[in-house]
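A note on names: the letters A, B, ... follow the listed sequences, proteins ahead of strands, and every chain is numbered from 1.
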Amino acid sequence: MTDHSYDPATIEPKWQRVWQERKTFRTPNQPAELAGRPKFYILDMFPYPSGAGLHVGHPEGYTATDVIARMKRMQGFNVLHPMGWDAFGLPAERAAVRESLHPAEITARNVDTFRRQIQRLGFSYDWDREINTSSPDYYRWTQWIFLKLHERGLAYMADVPVNWCPALGTVLANEEVKDGVYVETGDPVERRLMRQWMLRITAYAERLLDDLELVDWPESVKEMQRNWIGRSEGADVVFRLDGRDETFTVFTTRPDTLFGATYCVLAPEHPLVEAITTDAQRDQVRRYVTEAIGTTEVARSDAAKDKTGVFTGAHAVNPVNGERIPIWIADYVLMSYGTGAIMAVPGQDQRDWDFAVAFGLPIIRTVEPPPDFDGQAYLGDGPAINSSFLDGLTIEDAKRRIIDWLEERQLGRRKVQYKLRDWLFSRQRYWGEPFPIVHADDGTVVPLPEDWLPVGLPAIDEYRPTEDGRPPLARAGDDWLRVTLPDGRAATRETNTMPQWAGSCWYYLRFLDPNNQREAWSAEAERYWMPVDLYVGGVEHAVLHLLYARFWHKVLYDCGLVHTVEPFQRLFNQGMVLAYSYRDARGRYYHPSEVEEYEDGRVLAVATGEALTSQVEKMSKSKLNVVNPDEVIDRYGADAMRLYEMFMGPLEVQKPWQMKGVEGVNRFLQRVWRLVVDERSGELNLKLTDAPAGSEPELERALHKTVQKVTEDTATLRMNTAIAQMMIFVNQATASATLPRDITTTFLRLLSPYAPHICEELWQRLDEGDLIAHARWPIHNEALCLDDMVPIVIQVNGKKRDELQVPKDADNATLERLALSSERVAKLLEGRAPRRVIVVAGRLVNIVV
RNA sequence: GCCGGAGUGGCGGAAUGGCAGACGCAGGGGACUCAAAAUCCCCCAUCCUACGGGAUAUGAGGGUUCGACUCCCUCCUCCGGCACCA
């Protein structure tokens with residue numbers, strides 16, 4: 001190594017300092033500065049700053065957005081590209097207990113680590129806009145939005161069944177519970193009715209579904225949201241109880257099968273259960289209900305398990321034919337969907353069939369299955385049978401007919417039902433947003449006036465729930481808990497806190513105007529910047545975060561606070577970065593440094609010589625395969641790290657990290673360096689000339705092709721092929737006898753969004769003035785992207801047999817003549833006349849014989 | 001079970017109706033060097049070859065087409081999501 005070779009360790013901190021000192025990436029926020037330029041809002045899903053720090057998966061998406069942000073700036077856009085912290089959450093609270101620190105201190109420490117690691121990569125975030133959801137400056141506005149929701153009747157309290165973990169003293173989210181235990185600790189979880197805050201997201205179900213049409217998102221994510229919302233069309237049907245003056249309603253998507261309803265089933269929690277159960281059945285029913293209510297919904301909804309249930313002794317009357325049918329209770333009917341009651345049609349529903357078989361209930365087919373049908377319940381189409389006035393109709397026609405019939409007699413009505421449920425919005429935790437709500441001593445729930453915000457978190461000495469099961473905030477003293485309202489009433493503060501999703505539901509709006517002390521964001525900023533043009537993040541947020549944020553956004557739209565119906569115009573999911581892990585026969589994992597790989601594919605443990613298996617897996621501490629970005633930057637530099645993240649493969653797929661690949665892009669950067677710098681002297685490369693670009697016509701063409709490809713591929717997030725093209729260019733430039741400066745500086749501008757530090761350094765050494773970050777993005781010359789002579793493939797019967805160089809504008813007749821006169825073709829034709837000749841201008845000639 | 005996505009050299013991948021394997025990694029050979037590293041040049045899917053070339057090949061099988069990694073049908077494998085939602 002010579003003194004003047006490429007050394008990222010010196011140039012990278014140097015340029016990061018320059019960018020920071022000059023506020024190079026400050027986004028304008030004065031209307032005058034904004035006017036006249038198009039805008040581009042490009043956003044990363046901001047991270048939860050965990051104690052573990054960054055791993056190489058995080059910067060993948062961040063690098064992609066940074067490359068685009070830098071290119072867009074050079075193309076003359078005002079770019080909003082911010083970063084912040086989703087900083088409330090349970091892990092910090094647990095660490096706080098463990099280390100006897102305040103969660104805010106833990107969070108601040110983690111944020112510092114994340115910020116330092118992110119800044120080492122040279123991202124062009126406007127750090128003056130950094131936000132932190134756990135800061136009172138931020139969460140006062142989260143509380144403010146909650147008040148908006150409350151005002152509109154979208155926030156309410158209800159007794160709902162929740163996953164209660166006695167060991168932790170808190171409610172857990174469904175996704176934190178599996179097989180009846182908390183996934184992290186294995187502590188048992190029970191279902192309990194608790195008074196909780198709920199958000200009425202179901203009121204927006206239809207708009208959340210319909211407006212998916214308006215956004216440019218991956219089809220898979222839209223489909224996941226559609227499934228989650230789960231719209232189904234059908235009818236509510238009213239059943240009368242036999243011998244009583246009461247009715248109950250069922251929801252069905254198959255009203256056409258009503259004549260085949262041979263029994264009804266109520267959910268164990270259904271309010272009618274207690275009333276209708278006969279004395280003879282009471283003990284059995286009570287036992288069943290108690291057991292069912294005790295198990296979690298997750299355990300209950302295991303489709304594979306056998307059907308269970310009990311007869312109530314009561315009967316209902318089928319409204320279409322007056323048949324008396326038994327009413328059962330079974331846990332396969334869920335209280336939380338539809339009406340909590342169903343009519344069972346075993347002939348057309350496999351679940352009902354299974355239940356009917358298990359308990360010896362009758363089965364009547366009402367749709368004629370095809371003659372060769374040998375299944376059980378028949379779900380396909382066919383003529384209605386055993387259905388009186390519906391007989392012979394198709395499913396669709398029968399549905400229409402029966403719904404009309406029911407509606408005329410007021411025995412039912414058309415109904416759209418959603419699977420989506422209201423959002424359980426409170427947690428019994430400390431490290432979250434307090435609700436801007438108090439409970440007056442007279443029992444009323446009172447939202448606080450806006451100018452009382454923020455409701456800060458009180459200092460308490462322990463973050464666990466109280467002994468009697470109240471949330472940690474109940475440990476606060478009366479100076480926090482007790483409030484005197486403006487009207488003189490005394491009240492106690494709400495002690496639940498909001499879930500972690502709350503802060504991330506609107507952070508993209510705070511970024512517009514993060515230092516605004518008077519309002520959550522200014523209307524002008526919102527009108528200028530929204531919507532987010534490109535939102536990049538992991539697919540793990542496909543449903544919850546993205547659905548919750550869309551919901552809040554629509555509410556804000558209804559409040560007149562935002563002007564777009566959807567917040568995120570385009571969404572892109574980057575694939576996960578995986579890593580090789582090494583395991584021995586006993587399943588013990590080995591760190592890559594304890595492993596030797598041989599050419600023949602064998603992998604051995606260095607210490608013992610034992611044969612190991614290698615596999616590609618998700619990075620995790622326990623698998624000893626986590627790659628730390630600091631380590632990569634120490635060895636190869638941030639530019640190489642960025643470039644490799646983009647070069648690994650398509651952004652959207654998951655792919656393994658390979659340290660050898662980083663070496664490869666590092667070599668590429670060294671070649672770029674040597675194009676400009678003479679490594680021995682440190683002076684400029686003697687190949688550089690002031691001659692015009694046209695003095696190296698071949699290289700000039702290569703450059704313009706590169707401009708075109710890099711511009712296109714970067715905009716469409718195909719960074720891997722953009723980089724491949726730049727490598728091709730550099731290989732040619734290295735081989736070229738002279739190197740016009742003009743070509744060199746144009747190329748550096750293309751590379752600068754990907755590897756900004758080295759490009760700033762070389763730009764300065766070439767004495768181009770200002771920063772390359774402020775340079776204009778090059779535009780390709782179409783004429784120079786086409787070669788004068790193009791290769792034409794000659795095929796015989798679709799197989800390549802020859803290749804000719806022909807002028808690029810040769811017409812079809814010329815191509816055909818040239819092809820037929822090819823010696824190799826003549827040999828293959830052996831004098832036979834071609835039956836047909838297909839000519840594709842500029843590409844190939846196919847001769848068919 | 002249902003709904004998505006993907007299967008291409010030793011590895012990551014490229015080509016979305018027109019030259020399969022761009023670019024990179026790994027590997028082989030050579031130049032430079034006292035030597036090594038670095039760098040530069042060449043080779044590198046498989047099989048056959050009289051060294052001109054030929055045959056085979058994109059998970060498997062079929063189809064459409066002058067021509068298919070690409071479009072259609074059937075199947076296999078892997079990954080992700082949902083899963084008694086009436």
Side-chain angles (χ1 to χ4, degrees), chain A residues 1-2 5 218-224 226-228 230-232 234 250-254 257 265 300-305 307 330-334 336-345 348-352 354-355 417-421 539-540 542-543 573 575-576 580 597 599-601 616 643-644 647-650 652-665 667-668 670-671 674 679 718 720-728 731 734-735 791-803 824 827 834-840 842-849:
Chain A
M1 220 211 250
T2 62
S5 58
E219 201 44 50
S220 59
V221 173
K222 288 190 187 184
E223 198 56 30
M224 278 155 88
R226 287 189 196 110
N227 291 339
W228 192 264
R231 181 182 198 273
S232 40
V250 305
F251 172 72
T252 177
T253 55
R254 292 294 303 276
T257 63
V265 185
R300 256 174 63 174
S301 61
D302 177 6
K305 97 178 180 186
K307 294 276 179 290
D331 66 0
Y332 82 93
V333 173
L334 309 173
S336 49
Y337 182 75
T339 59
I342 63 158
M343 62 179 217
V345 187
Q348 272 76 229
D349 186 296
Q350 189 59 40
R351 297 158 301 185
D352 297 344
D354 293 342
F355 192 83
Q417 181 68 47
Y418 295 95
K419 225 157 79 177
L420 184 69
R421 295 165 198 187
V539 73
E540 65 272 19
V543 177
N573 297 122
M576 205 187 326
Y580 285 91
E597 289 192 67
E599 286 154 34
D600 56 9
V616 172
L643 211 50
Y644 178 65
F647 187 59
M648 291 170 80
E652 67 275 16
V653 308
Q654 47 175 277
K655 44 217 172 287
W657 185 270
Q658 299 188 100
M659 216 44 114
K660 282 282 184 194
V662 189
E663 273 180 45
V665 294
R667 274 199 283 270
F668 164 72
Q670 291 181 41
R671 287 159 78 88
R674 287 194 298 266
E679 287 186 303
R718 288 179 305 193
N720 53 330
T721 49
I723 294 168
Q725 179 61 36
M726 289 193 277
M727 287 173 166
I728 292 171
N731 289 344
T734 301
I792 296 290
V793 169
I794 312 301
Q795 296 183 336
V796 176
N797 290 335
K799 286 199 162 131
K800 180 185 170 184
R801 295 300 177 183
D802 202 357
E803 186 176 310
R824 300 224 27 236
K827 213 157 116 192
R835 267 201 306 151
R836 192 171 161 192
V837 180
I838 288 109
V839 182
V840 182
R843 283 201 185 272
L844 61 65
V845 179
N846 188 12
I847 297 161
V848 186
V849 296

**Asked** Between Asn731(A) and G24(B), does any side-chain N or O lie under 4.0 Å from OP1 or OP2?
**Response** yes
**Request:** Quote, to the nearest angstrom, the C1' distance that separates A15(B) from A45(B).
**Result:** 16 Å
**Message:** Just so I know, are the side chains of Glu679(A) and Arg674(A) near enough to count as touching, which here means a heavy-atom distance under 4.5 Å?
**Reply:** yes
**Message:** Set out, in order, the CA-CA distance, both residues' side-chain angles and the distance that settles salt bridge (charged side-chain N to carboxylate O under 4.0 Å, His left out) for Arg718(A) and Glu652(A), then state yes or no.
**Reply:** CA-CA 9 Å; Arg718(A) 288 179 305 193; Glu652(A) 67 275 16; over 6 Å; no
**Prompt:** Can you give the dot-bracket line for RNA chain B, where a pair is Watson-Crick or G-U wobble with both atom distances under 3.5 Å, crossing pairs use [ ], and | marks a partner on another strand?
**Reply:** (((((((..(((.....[....))).(((((.......))))).((((....))))..(((((..]....))))))))))))....
**Asked** If you look at every strand shown and take non-hydrogen atoms under 4.0 Å, does Ser232(A) touch a base, only sugar-phosphate, or nothing?
**Response** sugar-phosphate
**Request:** Take atom C1' in C71(B) and the same atom in C79(B), then report the distance between them in whole Å.
**Result:** 25 Å
**Message:** Using a 4.0 Å heavy-atom cut-off to protein, can you give one letter per nucleotide of nucleotides 42-58 of chain B, 5' to 3': B if the base is in contact, S if only the sugar-phosphate is, - if neither?
**Reply:** -----------SSSS--
**Prompt:** Roughly how far apart, to the nearest Å, are G12(B) and G62(B) at atom C1'?
**Reply:** 32 Å
**Item:** Distance, rounded to the nearest Å, where Glu540(A) contributes CD and G81(B) contributes P
**Value:** 10 Å
**Syn/anti state for G52(B) [syn: chi within 90° of 0]** = syn
**Under 3.5 Å donor-acceptor, Asp352(A) side chain and Val345(A) backbone** = yes
**Message:** Using a 4.0 Å heavy-atom cut-off, does Val848(A) contact any base of the nucleic acid, only the sugar-phosphate backbone, or nothing at all?
**Reply:** sugar-phosphate
**Asked** CE of Met224(A) versus P of G4(B): gap in Å, rounded?
**Response** 13 Å
**Request:** Could you state the atom-to-atom distance from CD of Gln350(A) to P of G1(B) in whole Å?
**Result:** 13 Å
**Fill in**
Rounded to whole Å, CG of Asn846(A) lies from P of G67(B) at a distance of 8 Å
With 3.5 Å as the limit, what N/O pairs link the protein to nucleotides 12-16 of chain B?
from: G12(B); atom 1: O4'; to: Gln658(A); atom 2: NE2; distance (Å): 3.2
from: G12(B); atom 1: O2'; to: Met648(A); atom 2: O; distance (Å): 2.6
from: A14(B); atom 1: OP1; to: Asn720(A); atom 2: ND2; distance (Å): 2.8

**Asked** So, Lys419(A) side chain and Tyr337(A) main chain: donor-acceptor pair closer than 3.5 Å or not?
**Response** no
**Request:** Specify the separation, in whole Å, of atom CH2 of Trp657(A) and atom C1' of C11(B).
**Result:** 16 Å
**Prompt:** Once you round to the nearest 0.5 Å, how far does CD1 of Ile342(A) lie from CG of Asp349(A)?
**Reply:** 7.0 Å
**Message:** Please give the distance between the P atoms of U70(B) and G7(B) as a whole number of Å.
**Reply:** 11 Å
**Request:** Please name the pair of heavy atoms, one in Met343(A) and one in Arg254(A), separated by the smallest distance, quoted to 0.1 Å.
**Result:** CE-O, 3.7 Å
**Message:** With rounding to the closest Å, how many angstrom separate the C1' atoms on A68(B) and U16(B)?
**Reply:** 11 Å
**Asked** Without hydrogens or angle criteria, can the side chains of Asn846(A) and Arg836(A) be said to hold a donor-acceptor pair below 3.5 Å?
**Response** no
**Gap in Å between the two C1' atoms, one belonging to G52(B) and one to A57(B), rounded** = 23 Å
**Message:** Using the C1' atom as the point on both nucleotides, what is the distance between C2(B) and A55(B), in whole Å?
**Reply:** 44 Å
**Asked** Which part of the nucleic acid, if any, lies within reach of Gly661(A) when heavy atoms closer than 4.0 Å are counted: base, sugar-phosphate only, or nothing?
**Response** nothing
**Message:** It should be established whether Arg226(A) places a side-chain nitrogen or oxygen under 4.0 Å from OP1 or OP2 of nucleotide G4(B).
**Reply:** no
**Val840(A), nearest nucleotide to its side chain (from G18(B), C66(B), C84(B))** = G18(B)
**Complete:** In short, Ser336(A) meets Arg421(A) closest at the heavy-atom pair OG-NH1, 2.9 Å
**Request:** Would you indicate what Arg674(A) reaches in the nucleic acid, counting non-hydrogen atoms under 4.0 angstrom: base, sugar-phosphate, or nothing?
**Result:** sugar-phosphate
**Item:** Euclidean distance, atom CD of residue Glu223(A) to atom C1' of C3(B) [Å, nearest integer]
**Value:** 7 Å
**Request:** Take Glu219(A) and Leu844(A), find for each the nucleotide of RNA chain B with the closest heavy atom, and name the residue whose nucleotide sits nearer the 5' end.
**Result:** Glu219(A)
**Item:** Any Arg667(A) side-chain N or O less than 4.0 Å from OP1/OP2 of C25(B)
**Value:** yes
**Asked** What nucleotide, of A86(B), C23(B), G18(B), holds the atom closest to the side chain of Ile728(A)?
**Response** C23(B)
**Asked** Starting at the 5' end of RNA chain B, which residue's closest nucleotide do you reach first, Tyr337(A) or Trp228(A)?
**Response** Trp228(A)
**Request:** Tell me whether the OP1 or OP2 atom of A38(B) has a side-chain N or O from Ser5(A) closer than 4.0 Å.
**Result:** no
**Fill in**
Picking from C66(B), A86(B), C84(B), the nucleotide nearest the side-chain atoms of Thr253(A) would be A86(B)
**Request:** Supply the atom-to-atom distance Glu219(A) CD to Arg226(A) CZ, rounded to the nearest 0.5 angstrom.
**Result:** 5.0 Å
**Request:** Take Met727(A) and Val665(A) through the test side chain to side chain contact (heavy atoms under 4.5 Å, CB included) and record every step on the way to the result.
**Result:** CA-CA 9 Å; Met727(A) 287 173 166; Val665(A) 294; 4.1 Å; yes
**Message:** Nearest whole Å is fine: how far is C23(B) C1' from Gln725(A) CD?
**Reply:** 9 Å
**Request:** Side chain of Lys660(A) only, please: which of C66(B), A86(B), A26(B) is the nearest?
**Result:** A26(B)
**Request:** Round to the nearest Å and state the distance from Arg671(A) atom CZ to A38(B) atom P.
**Result:** 14 Å
**Prompt:** Is there side-chain contact between Ile792(A) and Val845(A), with heavy atoms separated by less than 4.5 Å?
**Reply:** yes
**Prompt:** With side chains defined as the heavy atoms from C-beta onward, is the minimum distance between Met224(A) and Val543(A) less than 4.5 Å?
**Reply:** yes
**Prompt:** Do Trp657(A) and Tyr644(A) pass the ring-ring contact (aromatic ring centres under 6.0 Å, His included) test, and can you show the C-alpha distance, the side-chain angles, and the key distance before you say yes or no?
**Reply:** CA-CA 9 Å; Trp657(A) 185 270; Tyr644(A) 178 65; 4.8 Å; yes
**Asked** Expressed in whole Å, how much space separates the P atoms belonging to C47(B) and C11(B)?
**Response** 15 Å
**Request:** Decide whether a cation-pi geometry holds between Lys307(A) and Tyr332(A); the criteria are a distance under 6.0 Å from NZ or CZ to the six-membered ring centre and an angle within 45° of the ring axis.
**Result:** yes
**Message:** One pair to check against side chain to side chain contact (heavy atoms under 4.5 Å, CB included): Ile794(A) and Leu844(A). What are the steps and the verdict?
**Reply:** CA-CA 6 Å; Ile794(A) 312 301; Leu844(A) 61 65; over 6 Å; no
**Asked** Syn or anti: how is G9(B) classified when any glycosidic angle within 90° of 0 counts as syn?
**Response** syn
